[in-house]
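Values below: all heavy atoms of this structure, side chains included; hydrogens, waters and symmetry mates excluded. Just so it is clear: chains get the letters A, B, ... in the order the sequence lines come, proteins before strands, and each one is counted from 1. Remember, it's a predicted structure, so these values are computed and weren't measured experimentally.
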Amino acid sequence: MASPRNSLRNIIIISVIIIISLVVITASFKDVNFVKGLKTKTLDIFRPLQEKIFTAFHPLVRTVDNIKNFFGLSRRVKELEQEKAKLLNDYSENINLKIENNSLRELLNIKQRKNYKTVSAKVIGYNEEKWESEITLNVGKNDGVIEGMGVINEKGFIGIVILSAGDSCKVRLLNDQQISIGARILSSRSLGMVEGSSSKKIFLNYISKEDIVYNGDIVITSEFGKYIPPEILIGIVKNISDSDENPFKTIEIEPFVNFRSIENVLVILEW
Amino acid sequence: MKILDKVFDFFILIFFLILQVVFAQQLKLYYINFDFILVVIIAITFKNNITVGMFYGFFAGFILDLLSSHIVGVSPLIFALDAFLIGKLLESGLKLRLLSYVLTVFMLTEINIVIINIIYYLFSYNINLVSMGLDLLLKPVFNILLIFIIFPLIRVKFSGEELIEHQ
């Protein structure tokens, strides 16, 4: 049995811990600079160790991934064959469109869209909880990365930098329930907001019921983001539903990027 | 010797902390859900005493939140409370044997999941009940498996004797 003195001491310690924790939770929720500073310092301190352990365990994770993928290979081959046939069909049509587009651009004297100024980065951490979906990159303020910048890879949009330390940064992924970015449907130009959810599904919200949306429509970033350039691919419309309670359509998007296998990305510094 | 022991425990805690941030998160993608820190804190509390458990729990939770969480402060609170609860269980006569460890890990994992969900819900996050149910079902199983790796590493006794040092 514990002596009453020790028992009292433990109650005092746990009370102090509860009070400190509640103060820190409130400060963190209000995004106080002190907590943000602590987060960036901790990221900097642990970054080398984190990178080493991530690199060491990555082959193991890839092996698990490969075993998982192995069972779906035959289905995937069929899907790819169908996709190849469709792409071949589209190819000739696209060449004609490109020629037509180039001649029209020349006529209108419109400059080709500028290339973005980017910095390449490697993923050194992955964090997927119910409450958050984040990755850690090995670039930070020293490379010109600041909060709010967009992160992409060859397939499309990945997320937004939410915390930038000296040599690393945290990126909130598109399926995080706290994310919200402006987006357009490519064909109809309807404007909405792409938002994540607790179920890790991605939705295009605030699209009016009157707007025409089809399954397979492509969703791109809008032109209203300060750090995010327009017309970056986000995903395709996977599911559309209406309900009497909601004045807007419920549109589920399938992202082009597979968040589970991101390894190298680009952070957009300027556009 | 005791100080050396505590320093050793501290380094194990740091190792599993990084493993939690880097490795456990990736395994989660395959529905393998380990909570290394919780099991390490439970082991350290059983081996040392409540005070050490609470301090280590607070420290590890704080670093974990700083490294990988939107809201800082939830994990230190949870892990310190876990150590305190273990203390209360030991006070009421819990013996150091495998079954006690399994029950403690099971109980604390379930309590943590419920408390964390409530805290996040209070901070306006959406709760996904399916995912919470899956957590309640799977997480204790994986954590119980961790007992067989972490407890021997921290050299917690499996002998069934009552702990004298604890308070």
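Within the model, atoms OG1 of A:T40 and CG of B:L66 stand 9.5 Å from one another, a figure rounded to the nearest 0.5 Å. The distance from the CZ atom of B:F123 to the OG atom of A:S28 is 8.0 Å, given to the nearest 0.5 Å. Atom CD1 in B:I119 sits 8.0 Å away from atom CG in A:L22 (nearest 0.5 Å). Annotation: the span from A:I45 atom CD1 to B:I63 atom CD1 amounts to 7.5 Å, rounded to 0.5 Å. In this structure, B:L64 CG and A:T42 OG1 are separated by 11.0 Å, a value rounded to the nearest 0.5 Å. In this structure, the separation between CG on B:L129 and OG on A:S198 is 9.0 Å, given to the nearest 0.5 Å.
Proximity to chain A (any heavy atom under 4.5 Å) is shown, for B:Y125, by both the backbone and the side chain. Both the backbone and the side chain of A:E132 have a heavy atom closer than 4.5 Å to some heavy atom of chain B. Within the 4.5 angstrom heavy-atom criterion, no atom of A:E51 approaches chain B. The parts of B:N117 that come within reach of chain A are both its backbone and its side chain, each placing non-hydrogen atoms under 4.5 angstrom from that chain. Only the side chain of A:Q177 comes within contact range of chain B, with at least one heavy atom under 4.5 Å from a heavy atom of that chain. Residue contact with chain B, scored on non-hydrogen atoms closer than 4.5 Å, involves the side chain of A:D176 exclusively.
The two atoms that bring B:S68 and A:K170 nearest to each other are CA-NZ, 4.0 Å, heavy atoms only. The heavy-atom pair separating B:G73 from A:S21 by the smallest distance is O-CB, 3.6 Å. Nearest approach of B:F84 to A:N10, heavy atoms of both residues: CE1-O, 3.9 Å. Of all the heavy atoms in A:I17 and B:A80, the pair that sits closest is CG2-CB, 3.5 Å.
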Determine, step by step, whether A:K200 and B:S131 satisfy the side chain to side chain contact (heavy atoms under 4.5 Å, CB included) criterion, reporting the C-alpha distance in whole Å, the side-chain angles of both residues, the deciding distance to 0.1 Å, and the verdict. CA-CA 10 Å; A:K200 301 295 167 199; B:S131 144; over 6 Å; no
Dump the intermediate steps for side chain to side chain contact (heavy atoms under 4.5 Å, CB included) on A:I25 and B:V74, then the final yes or no. CA-CA 7 Å; A:I25 290 172; B:V74 178; 4.1 Å; yes
Chi angles and distances behind the side chain to side chain contact (heavy atoms under 4.5 Å, CB included) call for B:F58, A:I20: CA-CA 10 Å; B:F58 181 77; A:I20 293 173; 3.8 Å; yes
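Counted within 6.0 Å of NZ on A:K141, heavy atoms from surrounding residues, nucleotides or ligands total more than 12; the atom is thus considered enclosed. Other residues, nucleotides and ligands contribute over 12 non-hydrogen atoms within 6.0 Å of the CZ atom of A:F256.
Note: B:L67 leads B:L17, B:L67, B:D65, B:I127 in heavy-atom pairs under 4.5 Å with chain A. Ranking A:I14, A:L38, A:V24 against chain B, the residue ahead of the rest is A:I14, based on heavy-atom pairs under 4.5 Å.
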